[in-house]
Amino acid sequence: MRILLAEDDRFLADGLSLVLKDGGYAVDVACTGVDAENALFETQYDLLILDIGLPKMDGIELLKRLRQRGQKLPVLILTARDRLEDRVSGLDLGANDYMTKPFQLPELEARIRALLRKEQWDNRTDVTFGPLVFNTVTRTPTIGGVSIDLSARELAILEIMIQRLGRIVNKDQITEVLSDWDTEVTFNAIGIAIHRLRKKLEPHGITIRAIRGLGYRIEEESA
Ligand code: CA
């Protein structure tokens, strides 16, 4: 899943982006409101983390404009302003959640997961596919109660496959969730990650089938 972080505090932006990337999200950082708006025009994001005090265009203006355009992605406001009026106006303008700085990282991560779960999983906490159970709260796949050890990239691929059960996921969609401005993920790298993921799933009767020219689909192997 791809997150846009609109934050002009470079130190905070870099730290937060590292933590989120480590968790398997693709993260882009925009340091001004104008840069953030341009990024939102160009890329389909799953979540916007929005600082209010941004140069060139503040977060409130940016939020107002993106909702007016009908962009529905979840928005989490992250700001040093904690006056009641600011919280209320942010939420009234269509923000989905609000956190004030300084914040505790685990709480921010939990709120991000909650927003994405609502958006991507319809609030479901567990999704079952054959013997595989994917917990959307902890983003942990388990089989028979034992968690499967995956790299951040393998996890992100499995996640998008589980979100689109029964459907074909094409390489562009996978590239979109794995790439950010700093790392361009090649089709070759995706192929390698899928190969590794398949090796870990196949002993349990689940495979990822390549459908020529179209993409991939997660399937149960018929006995
Ligand atoms: Ca700021």
Side-chain angles (χ1 to χ4, degrees), residues 1-121 136-139 152-153 156 159 175-185:
M1 275 177 274
R2 191 159 177 178
I3 297 175
L4 179 64
L5 174 58
E7 171 62 69
D8 63 331
D9 177 342
R10 220 38 245 205
F11 184 71
L12 176 60
D14 288 348
L16 198 49
S17 124
L18 268 182
V19 169
L20 295 173
K21 282 180 183 180
D22 227 32
Y25 301 108
V27 184
D28 297 322
V29 177
C31 299
T32 72
V34 171
D35 288 348
E37 181 160 71
N38 288 336
L40 287 162
F41 281 131
E42 280 161 22
T43 305
Q44 187 84 34
Y45 288 99
D46 299 298
L47 175 75
L48 168 64
I49 301 176
L50 181 63
D51 178 27
I52 290 187
L54 284 173
K56 298 204 180 147
M57 183 199 310
D58 74 21
I60 291 292
E61 179 63 20
L62 177 75
L63 176 62
K64 202 188 291 176
R65 291 166 58 143
L66 89 92
R67 290 308 189 218
Q68 275 167 358
R69 285 196 300 274
Q71 284 192 286
K72 293 197 180 86
L73 80 166
V75 175
L76 189 158
I77 289 181
L78 193 61
T79 181
R81 298 188 205 171
D82 64 347
R83 291 180 311 155
L84 179 66
E85 312 87 276
D86 290 325
R87 285 204 295 276
V88 170
S89 69
L91 294 168
D92 278 349
L93 282 170
N96 304 78
D97 203 355
Y98 199 108
M99 274 196 88
T100 46
K101 300 170 192 168
F103 56 87
Q104 299 290 323
L105 207 45
E107 184 180 358
L108 177 68
E109 290 180 278
R111 285 175 186 247
I112 289 171
R113 284 194 301 269
L115 286 173
L116 291 171
R117 182 161 66 242
K118 186 156 186 280
E119 185 70 15
Q120 315 274 342
W121 303 102
T136 67
V137 182
T138 55
R139 301 177 72 222
R153 191 171 282 184
E159 191 168 46
T175 310
E176 185 98 329
V177 294
L178 292 184
S179 299
D180 48 43
W181 296 336
D182 302 327
T183 27
E184 193 58 50
V185 178

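The basis for the numbers below is simple: all heavy atoms, side chains too, and nothing from hydrogens, waters or symmetry mates. Ligands are counted one by one from 1 in listed order, and the atoms in each one are counted from 1 as well.
- In this structure, D46 contributes its side chain and R2 its backbone to a donor-acceptor pair below 3.5 Å.
- In terms of heavy atoms, A36 sits closest to L62 at CB-CD2, 3.9 Å.
- R113 places none of its side-chain heavy atoms less than 4.5 Å from the side chain of W121.
- For a distance threshold of 3.0 Å, the protein N, O or S atoms nearer than that to the Ca ion (ligand 1), listed by chain and number, are D8 OD1, D51 OD2, G53 O.
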Throw together a table of side-chain donor-acceptor distances under 3.5 angstrom for residues 12-21, partners on residues two or more places apart or in other chains.
{"residue": "D14", "atom": "OD1", "partner": "R10", "partner atom": "NE", "Å": "3.4"}
{"residue": "D14", "atom": "OD1", "partner": "R10", "partner atom": "NH2", "Å": "3.2"}
{"residue": "K21", "atom": "NZ", "partner": "D182", "partner atom": "OD2", "Å": "3.0"}

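- Donor-acceptor pairing under 3.5 Å is recorded for the side chains of D28 and Y45.
- Closest non-hydrogen pair, S179 versus A26, comes out as O-CB, 3.2 Å.
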